[in-house]
Amino acid sequence: MTTLDPVLERLRGGLIASAQAYPGEPMRDPRTMDQVAQACVAGGAVGIRAQGLADLALITQHVDVPVIGLWKDGAGGVFITPTLTHAIAVAATGAQIVALDGTRRPRPDGRSLAQTITALKAARPGVLVMADCGSLDDARAAQDAGADILGTTLAGYTGERPPTAGPDLELVDQVTAIAQVPLVVEGRVHTPAQAAAAMDHGAFAVVVGTAITHPTTITSWFVDAVAHR
């Protein structure tokens, strides 16, 4: 791996907290997500991952760690920062890293992933790109397309790999074997032990969302456990 951008160095070996809420939930408010992000940084998170332009505009003003920004638009297929227009808008919020769908699936605007990354970096010099991948082939293609970070975010969601109960460590092993850029493990990291396991398998950093920032889901876990006693 070549010399890393200083923004990436700040993420090395650390926890990135994903501060997101689903539409219709009580916490689905930019001010709330901003406060959640600040609380995560106070707890030691080295980075924040967040979605939505309003959320990002606030969070980037109030945290002193790198922010990975994205814009979810659509209900299926390619919906994580799906077009160049989305990506440029995310970068304009001040997010140092733009996360986008890094799969090999067709993008809504017809651009390839490589074309999207090239045009984004031309429009917003200095911005970094995280490619949310679902398979080893995605990771290879995203790396070739110019992504600065590979993520396992979409493993188990695109039909190429079966969903796993925790992070897809088999995919982590596969990607670390070919990666020339940092691999960030994201997706179904629900316990500290799973986060540690991801690091043991070669992750550069780990993203945790639901288990830290999603009380609706966490509450349901405990409710189910109590109900089944």
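Keep in mind the model is a prediction, meaning the values are calculated, not measured.
One N or O on the side chain of Q143 and one on the backbone of Q180 form a donor-acceptor pair closer than 3.5 Å. No donor-acceptor pair under 3.5 Å is formed between the side chain of T83 and the backbone N or O of D109. Between the side chain of T118 and the backbone N or O of Q115, no donor-acceptor pair lies under 3.5 Å. Listed for the D34 side chain is no donor-acceptor partner under 3.5 Å among the backbone atoms of P30. Counting only distance, with no hydrogens or angles, the side chain of D73 and the backbone of F79 share no donor-acceptor pair below 3.5 Å. Between the side chain of R124 and the backbone N or O of V90 there is no donor-acceptor pair closer than 3.5 Å.
Counted by atom type alone, D137 and S135 present zero donor-acceptor pairs between their side chains at under 3.5 Å. Judged by distance alone, the side chains of Q51 and D55 never bring a donor and an acceptor atom under 3.5 Å apart. Between the side chains of Q35 and H62, not a single donor N or O lies within less than 3.5 Å of an accepting N or O.
Contact annotation: the side chain of V7 approaches that of L128 to within less than 4.5 Å [non-hydrogen atoms, C-beta and beyond]. The shortest side-chain heavy-atom distance between L136 and R161 does not fall under the 4.5 Å cut-off.
Listed by chain and number, the residues in a ring-ring contact (aromatic ring centres under 6.0 Å, His included) with Y157 amount to none (sequence neighbours excluded).
Among T93, I68, L70, the one residue that satisfies the side chain to side chain contact (heavy atoms under 4.5 Å, CB included) test with L56 is T93.
R105 and D101 are joined by a salt bridge, as a carboxylate oxygen and a charged side-chain nitrogen come within less than 4.0 angstrom of each other.
Note on residues 83-105: pairs passing ring pair (Phe, Tyr, Trp, His ring centres under 6.0 Å), not counting sequence neighbours, are W71-H86.
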